[in-house]
Each structure stands twice: as C-alpha cells, then as structure tokens.
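All chains are named by letter (A, B, ...) in the order of the sequence lines, taking the proteins before the strands, and each is independently numbered beginning at 1.
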Protein chains: 2
Amino acid sequence: MASSEKEALKVAYGTENPKRIPAHQQVYFKLREQILFGELAPGQPVTIQGLVENLEAGMTPVREAIRRLTAEGALEFQGNRRVTVPTPTPSGIEELIYARQAIEPELVRRAAKIITADDIESLTKIDNELDAAITRGDVGAYLRHNYAFHAKLYAVAQSPILTEIADGLWLRFGPSLRVVCGRIGTQNLPDEHKETLQALSVGDGARAAEAIRQDVMQGMQQVKDSLNL
Amino acid sequence: MASSEKEALKVAYGTENPKRIPAHQQVYFKLREQILFGELAPGQPVTIQGLVENLEAGMTPVREAIRRLTAEGALEFQGNRRVTVPTPTPSGIEELIYARQAIEPELVRRAAKIITADDIESLTKIDNELDAAITRGDVGAYLRHNYAFHAKLYAVAQSPILTEIADGLWLRFGPSLRVVCGRIGTQNLPDEHKETLQALSVGDGARAAEAIRQDVMQGMQQVKDSLNL
DNA sequence: CACAAAAAGATTTGATCATATTCTGGCAGT
DNA sequence: ACTGCCAGAATATGATCAAATCTTTTTGTG
C-alpha cells in the first residue's frame, strides 16, 4: 500500500486531521477490511448494487474500488460481468506459500536493520493483545491483531514495493484464514512472534527472518490442510 | 469506435470468442502497453481528461483503468488527486531486484517441469526476433520481444498468482527500461536466454532458473546504474 | 519606483451522480 | 431440451459540482 494511502487510512479512521477523502478510497478501504477480516467468504458474489446500498456510496466509486481490489487479487472477475471473492485452490495456496516465504523474511531482515525500541514496544503490545484474543477465542480480534503485527513489521522495513506485494498476498488468503479459524478456533494457531521479537531485540535479523518464515509456513500449512477436509 | 477497430483489438489481445470487450478493459490494455513499452516516461503526469481524448473513451472506463494500474504499481497517486508514472528511486530499484530474483527463477523452475517441445520452439522464435531487434537497434521491438520471452515462460509455468506478481514488477520498471535503452542503445543488454533455453531443452530446471536469475540481475543492474548518471 | 508577496479570478482537472444503454441469466411456453 | 422474452444488473455517457493550479492584479515595503 502506498504511503500516501496509509495517510488516507489514518484519516479515514479518524486518527488525524479532517481532510476530505475521496469516496472511492473510502469504499476501497471498507471493502478491503471486509475481505481481510472475513465478512466476505470465499466464493461469495460481490455485486456493485449490493455495495452501493451496503456502503451507502455512489456507483462510480464502488466500481473503482472493485477494479482496484480485482487488480490486487482480492476479488475475481468471473468473465460475465460477475465479481466474486476467489475460492482457494491447492495450487493457489502453494503459490502463496512460496511467495510469502520469499517476501516476508526479506521484509523482516530489512526491518531488523533499522528497528527502534519504540517499534519493538509497539510490536510487543500488539502481540499481547493477540494472545488475549486467542485465549478468549475471539476470531475477529485474532485476525486483526495478527495482521497488525505483520503490517507493523512491514512498516518498519520501509520498503514500499515489497510491502505492497506482501499486503496483496494477505488479501488473497485473508478469506481462507477466516474459514480456517471458523473450523479449528483460535487454539493451535501459529505464533512465532515471541521468537521474532526476541531476535529483533538483540538485533539478530537472520534469526528474526527465520522465525517469521516459520510463522508464515505454519499458518499457510493450516490453510492448506483445511482445504482437504 | 468502428467495429473494425474492435476486431483489431480482439486479435491484438488474443480474445478469441466474439464477445465484446468492455471499454474499461480496452483502456486498461492500451494504457498498460504505453507504460510497459515506454510511450510514457517516468514522472510524466497522467490525466483522466487527457486519456479520454487520447484513447477516445468515456470518463468512467478511463477512471477504472487508472485505478487498476495504480493498484498494480504502474501509476502513482500523487496525493492531490494527481496521477503520474512513478519516478524510479535507488531503493525502489533495490526492492524490485530482490522481488524479481525471488519470483522469476521459481516461475522458471515450475515451467521446466512441464514445458513442451512446442513451448521451447516458440520461445526460441521469440528470442531470434529479439536478437534481430538488437542488431538493428530497434528499442521498441527489443522491449516487446524481451517481455514476450519472459511472459511466455510465465505462461508455461501455469502459476497465475506468481505470474501476476511478476507482471506487476514489469509494470514498475518498464518505464525505466525504456530510459536505459534510450541511453545505452540495444548493445550490451543482458541476454541469458540462450543459456535458459539450453537448460530447459535438457530438462535442467535448476540451471534454467539460475540463468534467468542472471538475466534479471544484469538487466536490473543496468537500470540501477543508469540512475546514478 | 521596483520588487515580491498575497489576493482574486480564471481555467483546468478530478469526483460524483443521474441516466441511458447493453448484456446476462432465468423463465415461460412450446 | 430449445427459443424468445423479460427483469435486473453491469456498463458507459455526459452533466454537474468541487478542488487544485495557473494567471493576473493588487498591495505592501524598502
């Protein structure tokens, strides 16, 4: 995600000055959230008119948001003017596994070089909230905090292109993750975050990268397994 | 638009069935070509109204195409509603180098497992045309055939997600590549394609992947070097 | 009086909407 | 099953409104 858009996101959620945000961006962010955190299930059709009512927006902005998310792989063009949330396939998951383990550890390596104590503190805080969500079995909160942890790492890495790619990957498996959690709950979910934080705090980028790789692989493995049920 | 032009478009973009192509897709493909093959220079502003006239399309389709290309990183949101072709930065190029050498060799490994003699033949044909373009110093043809070679490899690999990512990367450095060729001509350009083809024809996926990695790295290195001039 | 900063106005461009048109898929009737 | 028709959804247009940039004029100061 481009940094100017991160600004827009902040504004959209009221943490910053009241600058006007174009409707098409607001729609984009809302729809993105719904996809990432599971309001929309794999295979579910997404209609323009439905969103116009649902999000109380005009037709043109909705259209633009859909095009954008389609380009990011979060939605799928069904040929006949139809758009749906993509249904995961084993080979698709394989591709995502490769891509994530190729990209995310590199982002962590980059983050490790320039991470500050403040960053580590806020990562720790996110991870604690994540633990709390797990113990109380709150799937929605788990998904949000888990993403927040990784997203914060990306932000630290200051590598906008790799971050956009990684974010794009999240959009592709987000709906599946929700399904997995619906099946197995929040127990037994991967969490190599402690190890990652430990390594980052002593400046060991290689170990941190490997820990995240483990985290990623375990999570994707569960998605893969849940497909064969 | 005259129907003969629509026909031409269908042929140009390989849509066989006689279905009508939505205007927003036509605009997308046209604009994508212009970005990939250098009609648009880095830093150049892209206006909606300009494209409406230039491509003889309506406003909504142009808008949608721009959103899509922005999502793919081919265009950049300039905060104040403005959209431009991104200007390359050294750190951006570094990111692209990492991403390409992480993704493309994997695609070649996958391609190597299932490539057919026909595929190799058509790759060879493309590479010959590429050589011809180089010897006659035809930059436009070089860019097109070079892309065609890589794109054909992606197609063989049958990995749609990794292919989309790789295509996205091309869109990001395409404009820079044009600039490089404008500076140094078509001589001294990387070409490990022969080695790749050789390895593929004997089923040596690892060697083919490494050859492509070399090709990618050499090309990106030249882009990087040309930035410091 | 010269110059530059600021204000006002004009113009270009983007955002959004209402509306007309085109297409798809389902359904009725054969 | 097949065919033709219809409702509803998507696509596309052009008009309208709003924002940003550029241009010109005004104003203030040394």
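Regarding A/Ile66, its CD1 atom lies at a distance of 14 Å from the P atom of D/dA12, rounded to whole Å. The CZ-C1' distance, from B/Arg81 to D/dA19, rounds to 4 Å in whole Å. Rounding to whole angstrom units, CD1 of residue A/Ile48 and P of D/dG8 are separated by 17 Å. Atom pair B/Tyr28:OH and D/dT11:P shows a separation of 16 Å (rounding to whole Å applied). As rounded to whole Å, 17 Å separates atom P of D/dA9 from atom CD of A/Gln78. Atom-to-atom, CD of A/Glu64 to C1' of D/dT11 comes out at 14 Å; the value is rounded to the nearest Å. In this structure, CD1 of B/Ile21 is placed 15 Å from C1' of C/dC23, rounded to the nearest angstrom. Rounded to an integer number of Å, the gap from CZ of B/Phe77 to P of C/dG14 is 10 Å.
Between the side chains of B/Glu104 and B/Tyr154, at least one donor N or O lies within less than 3.5 Å of an accepting N or O.
Judged by distance alone, with hydrogens and angles left aside, A/Gln49 brings no side-chain donor or acceptor close enough to the base of D/dG8 to form a pair under 3.5 Å.
Residues from residues 51-63 of chain A lying near DNA chain D, meaning a heavy-atom separation below 4.0 Å, are A/Met59, A/Arg63 in numerical order.
OP1 or OP2 of C/dC23 has not a single side-chain nitrogen or oxygen of A/Asn80 nearer than 4.0 Å.
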Throw together a table of side-chain donor-acceptor distances under 3.5 angstrom for residues 43-55 of chain B, partners on residues two or more places apart or in other chains.
from, atom 1, to, atom 2, distance (Å)
B/Gln44, OE1, B/Ala41, N, 3.1
B/Thr47, OG1, B/Gly50, N, 2.9

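Scanning for side chain to side chain contact (heavy atoms under 4.5 Å, CB included) contacts around B/Asp225 gives B/Gln221, with sequence neighbours left out. Partners of B/His193 by ring pair (Phe, Tyr, Trp, His ring centres under 6.0 Å), not counting sequence neighbours, listed by chain and number: B/Phe149, B/His150. Take B/Tyr142 and apply the ring pair (Phe, Tyr, Trp, His ring centres under 6.0 Å) test, not counting sequence neighbours, and it matches no residue.
Among residues at least two apart or in separate chains, side-chain hydrogen bond (donor to acceptor under 3.5 Å, both in side chains) pairs with a member in residues 172-181 of chain B are A/Glu164-B/Arg172.
Take the nearest nucleotide of DNA chain C for A/His24 and for A/Arg82: the residue whose nucleotide is more 5' is A/His24.
Note that CG of B/Asp215 and CD of B/Gln101 are 13.5 Å apart. Values are rounded to the nearest 0.5 Å.
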